[in-house]
Amino acid sequence: ATTTYEHELLADQLSKKHMLPYRARVRARSMEEFNGWVRHDGEEFMYVLTGIVQLYTEFYEPIEMRRGDSAYYDAAMGHNLVSVSPEDATVLWVTSLQ
């Protein structure tokens, strides 16, 4: 758990996998809560489970996303996610492992 996200790994008992699926509780409420952009190797798929989030990316305008919305992006591009709903939002993230 961090001040911005709380991750729960899914299917963590599998070895030699090519994807890392996890559910995340989005605690952040503003970009100022991050120490710069999150970026890492691989590609990332994100699906909103509950709440409303704002997806910020390094090269695109921010986008508001609601339950059922999804995004797929190059994780080397800076990205941050904040909850804009009164409660913490939850998302499903799947990151490719390289």
Side-chain angles (χ1 to χ4, degrees):
T2 68
T3 57
T4 54
Y5 304 127
E6 182 177 335
H7 299 300
E8 175 191 357
L9 292 177
L10 304 172
D12 60 339
Q13 68 279 9
L14 297 174
S15 62
K16 298 183 182 179
K17 56 187 164 206
H18 300 281
M19 298 183 301
L20 180 64
Y22 51 99
R23 183 174 30 238
R25 180 175 158 192
V26 182
R27 295 178 171 177
R29 292 297 193 277
S30 73
M31 282 290 289
E32 289 72 32
E33 294 182 51
F34 293 90
N35 186 19
W37 291 110
V38 172
R39 63 176 89 237
H40 48 84
D41 291 337
E43 297 175 330
E44 202 154 68
F45 171 79
M46 189 270 300
Y47 182 88
V48 181
L49 298 171
T50 67
I52 305 168
V53 296
Q54 189 90 19
L55 175 63
Y56 292 89
T57 59
E58 190 172 15
F59 304 122
Y60 301 97
E61 291 295 317
I63 183 169
E64 187 174 283
M65 303 174 71
R66 297 172 180 268
R67 182 178 172 193
D69 290 339
S70 63
Y72 188 98
Y73 48 90
D74 180 347
M77 171 183 64
H79 57 281
N80 292 331
L81 193 63
V82 301
S83 177
V84 294
S85 50
E87 69 282 349
D88 291 346
T90 56
V91 299
L92 172 69
W93 256 312
V94 180
T95 302
S96 67
L97 301 173
Q98 296 186 353

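In this text the structure is predicted, and so the values were computed from the model without any measurement.
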Kindly give the heavy-atom pair with the smallest separation between R29 and S83, and that separation in Å.
CD-O, 3.1 Å
Give the intermediate values and the outcome of side-chain contact (heavy atoms from CB on, under 4.5 Å) for residues M46 and T95.
CA-CA 9 Å; M46 189 270 300; T95 302; over 6 Å; no
Interatomic spacing from NE2 in H18 to OG in S96 - rounded to 0.5 Å
11.0 Å
Quick one: sort the Y73 and H79 rings into parallel, tilted or perpendicular, breaks at 30° and 60°.
tilted
Measuring only between side-chain heavy atoms, which start at C-beta, is E33 closer than 4.5 Å to V82?
no
Hey, does Y5 have a side-chain heavy atom less than 4.5 Å from the side chain of L81?
yes
Donor-acceptor contact present, side-chain R27 to main-chain T2, <3.5 Å
yes
For residues A75 and E44, report the shortest heavy-atom separation together with the two atoms involved.
CB-CB, 4.3 Å
For residues 64-71, which side-chain N or O atoms pair as donor and acceptor with protein atoms under 3.5 Å away, sequence neighbours left out?
{"unit_1": "E64", "atom_1": "OE2", "unit_2": "R66", "atom_2": "NH2", "d": "3.2"}
{"unit_1": "D69", "atom_1": "OD2", "unit_2": "R66", "atom_2": "N", "d": "2.7"}

Is the shortest heavy-atom distance from the side chain of N80 to the side chain of T4 under 4.5 Å?
no
Mark yes when over 12 heavy atoms from residues, nucleotides or ligands other than M31 sit less than 6.0 Å from its CE; otherwise mark no.
yes
Using the ring of each side chain (for Trp, its six-membered ring), is Y72 parallel, tilted or perpendicular to F45, with breaks at 30° and 60°?
tilted
From L14 atom CG to L20 atom CG, the distance as rounded to the nearest 0.5 Å:
11.0 Å
Do M19 and E43 have side-chain heavy atoms sitting under 4.5 Å apart?
no
Do V48 and L92 belong to the same hydrophobic cluster, where Ile, Leu, Val, Met, Phe, Trp and Tyr are linked whenever their side-chain heavy atoms lie under 4.5 Å apart, directly or via other members?
no
SB check R39 D74 (cutoff 4.0 Å):
no
Starting at CZ of R23, measure out to CD of E8 and round the result to the nearest 0.5 Å.
4.0 Å
Between atom CH2 of W93 and atom CG of L10, what is the distance when rounded to the nearest 0.5 Å?
13.0 Å
Find out whether H40 and V38 are in side-chain contact, i.e. whether some heavy atom of one side chain is under 4.5 Å from a heavy atom of the other.
yes
Any heavy-atom pair between the side chains of Y47 and V91 that's under 4.5 Å?
no
Within this structure, what is the CG-CZ distance for the pair L49 and R25, rounded to the nearest 0.5 Å?
14.0 Å
Return the OG to CD distance between S85 and Q54, rounded to the nearest 0.5 Å.
11.5 Å
If every non-hydrogen atom of H7 is compared with every non-hydrogen atom of A24, which pair is closest and at what distance?
ND1-CB, 3.5 Å
